[in-house]
Amino acid sequence: MRVHHLNCGTMCPVVFGLARSLPRQRMICHVLLIETPQSGLVLVDTGFGTMDLRNPALLGAGFAKLARPKLREEETALSHIERLGFKREDVRHIVPTHLDIDHAGGLPDFPNATVHAFAPEVQAMEAGATLAERNRYRKHQFAHGPKWQRYQVQGERFFGLESVRELKGLPPELLLVPTVGHSRGHVAVVVEGGSEVLVHAGDAYFNHAEIYGSERNCPWPLRVFQRLAATDNRARLHNQARLRELAREPSVRMFCAHDAAEAWELGVL
Ligand SMILES: [Zn+2]
């Protein structure tokens, strides 16, 4: 399997200008495009999509003000895919880490793809039980009726962690590791089979200093944001601690969705 690392969205959050440890840094939307032998193209997360670009008001005024997304055509997953010589229809599967506004935007660009998700996340999106959840899950990103494939925990553990294996129609090297807390059904997505085991940790952490280094460290704006955004902060911190352990495994290469520094190291396009 060949894996491309893409940036499918750029955000320049207001608070980044306030912290010395985040000088002019921006947030990216780290997306994986996987070429598989039998399952076509697989996307892990989708960033922002063409519908968000055509009508940014759909993302909500609050999000636009705080996150300041750049919404560039050339950064959409669809643009990247076409630039790499593929077609929209070649994307047959999508595996989101969760369904937040900055992760699900590309779903409508691939309406025929099967979307493999941890069931509690789809339930949370559909229920919209709290105001925060009605804001973070945007209706227009799901209005096309995604072809959901919903999962509960199943199969062997992954380095001691609960996992979801045997995703329908996907190679066995792809699996989900539930890491709830940021949202109700957040997962890390694992891609085995290469020289390194890739772990896309989504929004389970936001800055490499939270995972790597001798002790957990997080620039304060990101610490505050993560706490406010979490549906279950205790679970989030517990799962983040488990990811810190996992990242120490020599064969594991872990990265999150939004840290630009991590992404450049991996040659994000
Ligand atoms: Zn995010």
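Counting convention: from 1, in listed order, for ligands and their atoms alike. If you read the sequence from its start, that first residue is 1, and numbering goes on from there.
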Just jot down the ring-ring contact (aromatic ring centres under 6.0 Å, His included) partners of F158, sequence neighbours excluded, or say none. none
Measure centre to centre between the rings of H5 and H200, then say whether the value is under 6.0 Å. no
Anything under 30° is parallel, anything over 60° is perpendicular, the rest tilted; go ahead and classify H116 against H93. tilted
Which of these passes salt bridge (charged side-chain N to carboxylate O under 4.0 Å, His left out) with E126: K139, R150, R134? R150
Just to confirm my numbers, could you give the angle made at the Zn ion (ligand 1) by OD2 of D102 and OD2 of D203, rounded to 10°? 160°
Give a yes/no answer: is there an N/O/S atom of C29 under 2.8 Å from the Zn ion (ligand 1)? no
N, O or S from H103 under 2.8 Å to the Zn ion (ligand 1): yes
